[in-house]
Amino acid sequence: MKDNRIQLFDLINFVFMTALCVATIYPFLYLLSLSFSTGDVPLTRIHLLPPTWTWANYEKVLTNEYILSGFANTIARTAIGTALSLTATVFAAYPLAKRFFPHRTFWTGFIVFTMFFSGGLIPNYLLVKSLGLMNSVWALVLPGLVSAFSLIIARNFFMALPESLEESARIDGANDIVILFRIVVPVSMPIIATLTLWTAVQHWNAWFDSLIYMTDAHKQVLQVVMRRIVLQGTKDMMDVNSFEDPNLVANPDMIKAATVIVTVVPIVLFYPFLQKYFVKGVLVGSLKG
């Protein structure tokens, strides 16, 4: 009787997870199909494979000046923001993980306090403007340089490391900087990879700060460009009637679908390289407080 209940639970769980996976993957497959379809394909008909194939939508998207500049700006923001954020997080989390750090409990609580309360949008905007960071990548990177949540996760991971690793290095004459970079960082790759993934995805998907801090259209990130194309239409961003064959893009929704795919695919391809570190980093970093 017990075995039958277990088998029934496994069956229900399998059906539920399968339905959840299908519901998650289907919108992307549908957009991918639309992005390769010609304009005469009806949108009311569900299809996972385009009835007629064309690369014209991607050619139009990848040759648009706003999308190209947005792509470059997003890559620059993600690379600079991830590198600086990871460096600052490690340098802040490492001393907080030491028991001999003065007033460690107070500073940890002070950092956690910032997770629940902030100055708000208007003070942040006035601060960025007064510092002369408008229309600069630093306006997108510096205000959120260190995430309190990521900092606490990294601190907990460092606290779980055996103290004998550092003690043996100190006996050999190593100082704190040498210990951090030659011992702590190499054995902390799971949490570092996890924080890298979190920060990179955050910067890649962020758009609101660029919308308010960037007044130059050529300095907007890709997500803002995609938002303008999807929500405001394609007329202001690109000429959908400039194809030699008018049947290729009779419907601008194909251009919108291609834009979404171009925006999503790079960060999706980035995930598998860090997947093996992701679960271990989150679990170990969340156990010890």
Side-chain angles (χ1 to χ4, degrees), residues 73-98 101 103-128 131 133 136-161 180-181 184-185 187-214 221-224 264 266-268 270-271 273-289:
N73 295 333
T74 300
I75 292 176
R77 172 191 181 158
T78 303
I80 296 174
T82 302
L84 292 181
S85 179
L86 192 63
T87 302
T89 300
V90 169
F91 274 111
Y94 181 66
L96 285 176
K98 301 305 171 187
F101 185 77
H103 309 293
R104 182 182 68 164
T105 303
F106 169 78
W107 292 116
T108 302
F110 184 80
I111 293 171
V112 173
F113 178 82
T114 63
M115 297 174 61
F116 305 99
F117 301 95
S118 65
L121 177 60
I122 295 177
N124 286 337
Y125 178 84
L126 294 177
L127 176 63
V128 170
L131 292 176
L133 301 179
S136 169
V137 68
W138 303 113
L140 310 179
V141 172
L142 294 181
L145 184 63
V146 178
S147 168
F149 179 76
S150 299
L151 179 59
I152 296 302
I153 293 293
R155 166 188 172 272
N156 293 345
F157 188 95
F158 292 152
M159 290 178 61
L161 296 178
L180 175 61
F181 284 102
V184 176
V185 170
V187 300
S188 301
M189 287 309 298
I191 193 62
I192 291 177
T194 301
L195 297 180
T196 299
L197 180 63
W198 284 353
T199 308
V201 171
Q202 175 192 352
H203 280 293
W204 186 271
N205 292 332
W207 62 273
F208 185 71
D209 52 355
S210 177
L211 186 65
I212 62 177
Y213 296 141
M214 300 295 182
V221 296
L222 184 60
Q223 305 298 336
V224 176
V264 171
I267 199 65
V268 172
F270 178 69
Y271 175 78
F273 296 100
L274 300 178
Q275 182 181 10
K276 62 180 180 179
Y277 300 106
F278 186 76
V279 175
K280 181 180 179 182
V282 173
L283 290 178
V284 177
S286 61
L287 290 180
K288 188 170 183 179

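Atom OG1 of residue Thr89 and atom CD1 of residue Ile153 lie 11.5 Å apart, to the nearest 0.5 angstrom. Here the straight-line distance linking atom CZ of Phe181 with atom OH of Tyr94 works out to 10.5 Å at 0.5 Å rounding. Here the CD1-CZ distance, from Ile191 to Phe158, works out to 8.0 Å after rounding to the nearest 0.5 Å. Note that CG of Asp209 is 8.0 Å distant from CE of Met214, once rounded to the nearest 0.5 Å. Of the inter-residue distances, the one linking Leu151 atom CG with Ile111 atom CD1 reads 4.5 Å to the nearest 0.5 angstrom. Rounded to the nearest 0.5 Å, atoms CG (Leu86) and CG (Leu195) are 6.0 Å apart.
A heavy-atom distance below 4.5 Å is found between the side chains of Phe208 and Leu121. For the pair Pro143/Val128, a side-chain contact is recorded, criterion being any heavy-atom separation below 4.5 Å from C-beta on. Between Tyr213 and Asn124 there is a side-chain heavy-atom pair separated by less than 4.5 Å. A 4.5 Å side-chain heavy-atom check between Asn73 and Leu140 finds every atom pair outside the cut-off. With contacts defined as side-chain heavy-atom distances shorter than 4.5 Å, the pair Phe91/Val146 does not qualify.
Residues Ser188 and Leu161 share a closest heavy-atom pair of OG-CD1, 3.7 Å. Contact between Lys98 and Arg104 at its shortest, heavy atoms only, is O-CD, 3.2 Å. Taking each heavy atom of Thr78 and Thr82 in turn, the nearest pair found is O-OG1, 2.6 Å. In plain terms, the two heavy atoms of Trp107 and Leu96 that are nearest each other are CB-CD2, 4.0 Å. Taking each heavy atom of Arg77 and Val221 in turn, the nearest pair found is CD-CG1, 4.3 Å. Heavy-atom minimum distance, Met115 versus Ala148: CG-CB, 3.2 Å.
Taking the six-membered ring for Trp and thresholds of 30 and 60 degrees, Phe149 and Trp198 have ring planes inclined between 30 and 60 degrees apart.
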Assess whether side chain to side chain contact (heavy atoms under 4.5 Å, CB included) is satisfied between Trp138 and Leu84, documenting all intermediate values.
-> CA-CA 11 Å; Trp138 303 113; Leu84 292 181; 3.5 Å; yes
